[in-house]
Amino acid sequence: MSSHSQIVPAAGGAPSAPLLRRFYDAIVAHRRARAEQEIARYLQTHRDKLTDGLEREIERRLRNG
């Protein structure tokens, strides 16, 4: 049996679009939750004061993140 036959679904077609969409949505939700946790942690260490500089730092961390 070739490695290709182990990857292709039994029906021989590509995975359904709804399945791929759910997978993508789960990844996005996970990344969003991690970003929110990081922001909350960062705000706690900076006494919950959201200054312009702090907002820029959060944006920088999210872009590089």
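All residue numbers in this chain count up from 1 along the given sequence. Any value given below was found using the heavy atoms of this structure, including those in side chains, with hydrogens, waters and symmetry copies removed.
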By salt bridge (charged side-chain N to carboxylate O under 4.0 Å, His left out), D25 pairs with (sequence neighbours left out) R21
Residues passing the side chain to side chain contact (heavy atoms under 4.5 Å, CB included) test with E36, sequence neighbours excluded, are R32
*Should the pair E57-R60 be classified as a salt bridge under the 4.0 Å nitrogen-to-oxygen rule?*
yes
Rounded to the nearest 0.5 angstrom, the CD-CD1 distance for Q44 and I39 is 12.5 Å
Residues at least two apart in sequence or cross-chain that pass ring pair (Phe, Tyr, Trp, His ring centres under 6.0 Å) with Y42, listed by chain then number, are H46
Salt bridge (charged side-chain N to carboxylate O under 4.0 Å, His left out) filter on R41, not counting sequence neighbours, yields E38
